[in-house]
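In what follows, chains are A, B, ... by sequence order, proteins preceding strands, each numbered from 1.
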Amino acid sequence: MAQSDFFGNVYEVVRLVPPGRVTTYGAIAAYLGSQRGARMVGWAMNNAHGQPGVPAHRVVNRNGLLTGKNFFGGGSVMQELLEAEGIKIKDDQVVAFRECFWDPGAELL
DNA sequence: TCACTGACTTGGC
DNA sequence: CGCCAAGCCAGTG
């Protein structure tokens with residue numbers, strides 16, 4: 001990858017997230033081998049703003065809360081994007097998050 | 001070169 | 001049930 005392995009892997013994993021599914025920073029971080037490195041995943045997403053094909057709106061925190069929605073324009077853009085894929089959002093939170101959750105380490109392996 | 005911050009997570013009080 | 005502190009990696013000042 002052009003970027004560091006961490007960033008490159010994050011982009012690739014997020015890009016592999018199927019429509020109608022969501023993943024978490026911790027899941028990606030754990031997949032990369034750094035569970036506590038979840039913060040870095042968020043940082044990668046920040047960089048991912050300039051990366052096409054990286055649906056950062058499908059990445060939420062472990063509570064299913066749209067923590068990064070503030071970075072999508074400050075409005076409910078992230079929520080609408082997820083709803084457009086069939087994911088229901090309630091109170092900035094993913095409904096049936098556990099059912100929509102997509103674990104890279106479990107689905108890809 | 002050193003120090004701080006950041007879209008997180010977990011555990012402890 | 002809610003708040004505080006620690007750990008992770010990379011980027012910026």
Side-chain angles (χ1 to χ4, degrees):
Chain A
M1 292 299 174
Q3 324 279 342
S4 304
D5 288 349
F6 222 101
F7 278 47
N9 281 320
V10 171
Y11 299 144
E12 190 165 353
V13 172
V14 176
R15 210 176 296 169
L16 289 172
V17 177
R21 302 275 186 201
V22 292
T23 187
T24 68
Y25 303 97
I28 297 170
Y31 177 70
L32 299 178
S34 301
Q35 187 176 8
R36 303 293 169 120
R39 306 175 90 185
M40 250 302 73
V41 178
W43 205 253
M45 295 280 94
N46 196 352
N47 225 7
H49 262 260
Q51 300 294 326
V54 182
H57 62 272
R58 290 185 190 150
V59 185
V60 296
N61 67 349
R62 80 120 205 143
N63 289 312
L65 191 69
L66 308 183
T67 47
K69 79 164 212 162
N70 202 5
F71 285 69
F72 272 77
S76 44
V77 181
M78 189 172 182
Q79 177 176 333
E80 292 189 23
L81 284 169
L82 291 169
E83 288 183 327
E85 296 187 351
I87 302 172
K88 290 170 183 154
I89 308 299
K90 174 110 184 185
D91 201 23
D92 295 336
Q93 210 171 270
V94 178
V95 179
F97 168 64
R98 194 177 155 158
E99 295 180 26
C100 298
F101 176 61
W102 181 83
D103 187 350
E107 303 289 325
L108 292 178
L109 292 178

In whole angstroms, the gap separating P of C:dC8 from CG of A:Asp5 amounts to 19 Å

*A:Leu66-A:Val22 co-clustered via ILVMFWY side chain contacts under 4.5 Å*: yes

Assign the ring pair A:Phe97 / A:Phe101 to parallel, tilted or perpendicular, where the plane angle (0 to 90°) is split at 30° and 60°. tilted

Checklist entry - Would a hydrophobic clustering, with Ile, Leu, Val, Met, Phe, Trp and Tyr connected at side-chain separations under 4.5 Å, put A:Val59 with A:Leu65? => result no

Check your understanding: With hydrophobic residues grouped by side-chain heavy-atom distances under 4.5 Å, do A:Val94 and A:Leu81 end up in a single group?
Key -> yes

When rounded to the nearest Å, what value does the distance between C1' atoms of C:dG2 and B:dA7 take? 22 Å

Rounded to the nearest 0.5 Å, the OG1 atom of A:Thr23 sits from the CG atom of A:Asp103 at a distance of 6.5 Å

d(A:Met45 CE, A:Phe72 CZ) to nearest 0.5 Å is 8.5 Å

| Given the rule that I, L, V, M, F, W and Y join up when any side-chain heavy atoms are under 4.5 Å apart, are A:Tyr25 and A:Trp102 in one cluster? | yes

Item to check | Atom P, compared across C:dA5 and B:dC4: separation rounded to whole Å | outcome: 15 Å

Readout for nucleotides 6-13 of chain B: B = base within 4.0 Å of protein heavy atom, S = sugar-phosphate only, - = neither; 5' to 3' it is BBBSS---

Encoded 5' to 3' (Watson-Crick or G-U under 3.5 Å; [ ] crossing; | other strand), DNA chain C becomes .||||||.|||||

Original post:
Are A:Val60 and A:Leu16 in one and the same hydrophobic cluster, where Ile, Leu, Val, Met, Phe, Trp and Tyr link if side-chain heavy atoms are under 4.5 Å apart?
Top reply: no

